[in-house]
Structures are given as structure tokens and as C-alpha cells.
Amino acid sequence: MYQRSVHDPSGFWSDIASEFYWREKWGQQVYHENFDVRKGKIKIEWFKGGMTNICYNCLDRNIESGKGDKTAIYWEGNEPGLDSSMTYNQLLARVCQLANYLKDVGVHKGDAVVIYLPMLMELPIAMLACARIGAIHSVVFAGFSAESLAQRIIDCRPKVVITCNAVRRGSKIIYLKEIVDSALLESAQKGIVTDVCLTYENDSAMKKEMTKWTKGRDIWWQDVILKYPVTCDVEWVDAEDPLFLLYTSGSTGKPKGVLHTTGGYMVYTATTFKYAFDYKPTDIYWCTADCGWITGHSYVTYGPLLNGATVVVFEGAPNYPDVGRCWDIVDKYKVSIFYTAPTLVRSLMREGDEHVSRYSRKSLRVLGSVGEPINPSAWRWFFNVIGDARCPISDTWWQTETGGFMITPLPGAWPQKPGSATFPFFGVQPVIVDEKGVEIEGECSGYLCVKSSWPGAFRTLHGDHERYETTYFSAFPGYYFSGDGCSRDKDGYYWLTGRVDDVINVSGHRIGTAEVESALVSHPQCAEAAVVGVEHEVKGQGIYAFVTLVEGVPYSDDLRKSLVMVVRNQIGAFAAPDKIHWAPGLPKTRSGKIMRRILRKIASRQLDELGDTSTLADPTVVDQLIALADC
Ligand code: 6R9
């Protein structure tokens, strides 16, 4: 299949696409691409001219083939014992009601809707409702701060924002509606006014009477949705019409609005899900990712539902009420495919095997990992302890930009190597290039690029096609550059080694160093900041910030706390620096460039590997920084 997929991509992908429902078939050309900036504008199109709808293919098509009474979603609340479920028929009815409401308040094809919800069933429902009417959803992870949310609202100008009043995660309550209120205030001050804020009453966390309300703008979901019909006509869209925008971090301060379109994304997420997890109709599938990230888009919502799968959606935290919660859920729903992130594996590994072995887990069949390289010791623990040495692990390498899996094992098809994502998926042609952009063959290491398009590839960055071209296609002309380092061993296995740009991967979340730096320097007492990633036992990478204070300001513990606070408030708690390192001076070249290489070595205390510091404008700052390391 792989051979055919790369020698005859048109035939390969159109055969698969034909398994879906198309109102009208795509044109003569299955795909069109220009992958080379030297030949003009970068352009990727798949199934152009084909008319379809991804919501129809997830729900109506599966119902028509007899899966109406099959469970689509098992929802497990934060509190054990709080749960519910929904069949495909019920899910379609709920999606249609919301779709009708959205149409009624003026959401048309091509309009944006921002979704700021925790892992309630309403989150996939809202995504599907948008897709049904051709609206573009932009899900913002509900851990982002008001400022980050406002930034995204300002960029995509939604007609409606969908949220809920509050959520419980573990023992904490997060008041989401208040965050949305301040984001809407901030965006309104910048001239972007959102007319409707549809708010779901999540009464397990907070009663509606306690919620602050803006009359005329805020509407309770439960007050309106049930009044709408449970059927809703589908908006047939072109395969190349936008499906969603998802913001991700890059190496500058401004998040990038990654745009995915409909047809190629649909075919690709469905196919990757099916093969990389060896999906069978009897499987119960659980992916622990939040729908606020790409993994939740492609592998909580679209990929599984396109396959008519039963999906577990979990609202809570994996360590609440105790660290056995995941295996409790696995046993409760008889989960057979379990897809998670290395950071979760490592955090549970620290707690000891007894929290795992007291659960049966015999339903498990395939395990999956995503978000960052999985270190071999965590891989082995995942395999031996969680999977009782009988479940293959799909270590799936991919990105927000790629839409779906790019390098991944096919369970059982070839021998596994702990820590390697193994081989490319159908249609994917990875290449490793050197600094000059020259392809290297065989056993080697370098920069990971891709040679030609695949259906799930993103098509542009919202409102900034030029940034799309410069970020991804200009570094190594002729290729898509992933931003990751990679090596290939003598057997052809791929080993991802992490980001090579200014992006830090904290617990599988991408955070741009520039974003954290700009938050820090917005603190009135911070003059300059330089942020680097350091190895972290559980999170993979931690955030290490060097800060120079305004002249005359003394460094204190209170100041340190308020610097951390400013990042939490501007980006979100997940981006809070693990360490603030007071830096009266930063190592700079004579032209004023911060030498991050040296900062990385100081941050990881590899002091004998500082290298040449003689080119620094002031080499004494290095000794000063070392002396202040544990201050
Ligand atoms: C899906 C997702 C993408 C970055 C990517 C890489 C890292 C993801 C990985 C992996 C090694 C894996 N990454 N999966 N590295 N092995 N299996 O995580 O998307 O949030 O956009 O992050 O994550 O560095 O470039 P996204």
C-alpha cells in the first residue's frame, strides 16, 4: 500500500476518498500542489471541486449504514460516578439543534465560531455543528488565559463564542465564563465585537445563578437549544473550503492560525486513525488529549467518528481522585485503544506500578503516544506495565500543521523499537536534509522535511500566506520543513529528536520562547528576558527564563512570583516558567544577539560545555550568571 501511495497518490487517495459520501465528485485532478517557493506561491489542493460535508460523513453516513444505536461518546466526568453516553442518533440530534441555533443567530458558511469549552460532550458537538453549516470553528484550549483568548478572537473575528460557566478539573474549579468576559471586553476595546456568547451551564461545577451575565449578549445553551428541530440540512462545501482554524505557537510572539480545509483532512484523519490504531468496529477508543489541541480535533472528534467508532471523552484529570483514574476508566468502559502523551506516562510511572496493577486492563489492545519524543524508559514502562507486554505502541509523529499522523507504526506490522516512530504513513515522503537543505540518504541525522503534499496538510496561515511560506517552505526550498530534528538508523527507522527552532515542548504543548519573553517584559520591572527549554523529568521540557530587571530594581522572591504570574495571566498556567534566573546581564554578541546556546548550557548546568565565549561583547556576564544560578 505504501508503494502505491507514493507512486500513484491520485489513484491511492481517490480510492479511499470514494468510501466517503460526496455530493459531487471532485474534478479531473485529484490533487494539485506547488511545494517549491522558487516556482511561485505555495499551493496545496486535494479533491478540489468535490462537494461534501465532514459532519455528514461522521454522523448521517454512519447512521445510514446501521450504526444509529451504536454509542458514539461515553462521557466520564471529573467526579467518579458522574457520566453519560450518547448514540450516533442522539449525537446527530444534538448537533442539528445547535446547528439550527447557530444559523438562527446569523452564522453563515465561512463565518468563524470560537469554542472555549472543557471536555464536555458539548465540545465535539459544537465542532460538528459548525462543520454541518460550513462555519469555521476555532477551538481555543480552555487553559488559555483571557489575553490569549482575546488575541485569537481579534484575529479570527467570530460571530459567536461558545463556552460554559465553569469546570472542575481535579479539585480545582475554573471559571471559564469570567475568562471569556474579560477576553470579550478586551477584544471589544480593539473594535472586535462578538454579538453572542452561548454559555453551557455545567452545573456539576457551578450553578447558573452565580454566573455574571451580560444581557443581550449572553445566552444559556440549555435555555435555547432544545427549542430547535433535531434535523438540520447539510451545507455542502467544496473539499477546499475551510473547516477550522487552530492557533499554534511559532518562533515569534504571535500565534499562527493554522488553517485546515475539509476534504483532504477528512480522508486523511479517517485513514490514519483506521490504520495506525488497527481500528476494529468493536473497539472502545480513548484519547486523553483535549479538543483544544490538534490531537483532540483529529483523534477525539473527526478521525474516530468518521470510522463510526465509540469514543471516551474525559472531563477530569488523570490523577484525580487518585493516580489510578486512567485504569479505572479503561476497565469501566473496556477501552481497547488508549492514546496518550509521554508526559502522562512519565508522571504515572513515578507513582509506582501498584496503581496500575490493581486494575485489570485486559481490554487494552493497542497503545498510542503523541506530543513529544517518548524516551525509551517511559516507552518500556508503557509497554510492559500498562500494556502487560502484549499491546503494540503506536508512537505517532505529527503536528498541528500536518493534520494527521505522518510517521507512525502500523501495530503488529513490523518490529517496534522503543522511542522510534518507525516509518512514514501512506503517502508521506519524509526526507532528512543537512544545514544546506541537501537531502541525506541512509543512516543519518538532520532536519526533518517532507517532499510532497499529503491530503491532511494545512493550506495556509490565517491572513498571512507569506508567513506560511517563509516559516515552512523557505528554509529548505522544495520541501515542507517540520521544525524538528530527526535521525534515521540503518534499518530505516525514524527517530525524532525534538524541535530545532525556538519552540519549547512542555508536556506536549508547544510554547514559543518569544511568547513567554514578551509576557515577561510586559512586567514593569523586567527590562529583558531570554527563555530556553531545559530537560524536565515529567514534562519533557521545562521553561527556564533569564530576566534582566529595570535598573535599580532589587531581585526578590515576590518579584519572582509576580513574573511567573504575568506569564500565567497572559498565556495560561501551562506556560508558567519553572525557573526564573536573575540575569544582571545576558550573554550577547557584539552585534547585540543573545547567545541562547550559552544560556541553554547554563540552564542545564552543563557548565563544562559552554564552548567559545570569547565572541561575547562582555564575557564576564557568563561567570556572573553561573554565580547567580541558585539564587
Ligand atoms: C500532534 C502534536 C508538534 C510537535 C512536533 C514535535 C512534537 C509530536 C511526536 C513529537 C516526537 C512524536 N511531537 N509528536 N515528537 N515523537 N510522536 O503534538 O502537534 O502540538 O503541533 O506539536 O510535537 O516536535 O513538531 P503539535
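Counting starts at 1 for both ligands and their atoms, following the listed order.
In terms of the ring pair (Phe, Tyr, Trp, His ring centres under 6.0 Å) criterion, residue partners of Trp286 (sequence neighbours excluded) are, by chain and number, Phe314, Phe338.
Ring-plane geometry between Phe277 and Phe405 is classed as perpendicular, the angle between the planes exceeding 60 degrees on a 0 to 90 degree scale with a lower cut at 30. Between Phe423 and Trp414, the ring planes lie perpendicular to each other; the angle is over 60°, past the 30° to 60° tilted range. In this pair, Tyr285 and Phe273 present their aromatic rings perpendicular. The plane angle is above 60°, beyond the 30 to 60° band.
With Asn375 as the fixed residue, the side-chain hydrogen bond (donor to acceptor under 3.5 Å, both in side chains) test singles out one of Arg346, Glu535, Arg380: Arg346.
Pocket lining of ligand 1, defined as residues with a non-hydrogen atom under 4.0 Å away: Ile294, Thr295, Val370, Gly371, Glu372, Pro373, Asp395, Thr396, Trp397, Trp398, Gln399, Thr400, Asp484, Leu496, Arg499, Asn505, Arg510.
Heavy-atom contacts from other residues, nucleotides or ligands closer than 6.0 Å to CZ of Phe12 number more than 12.
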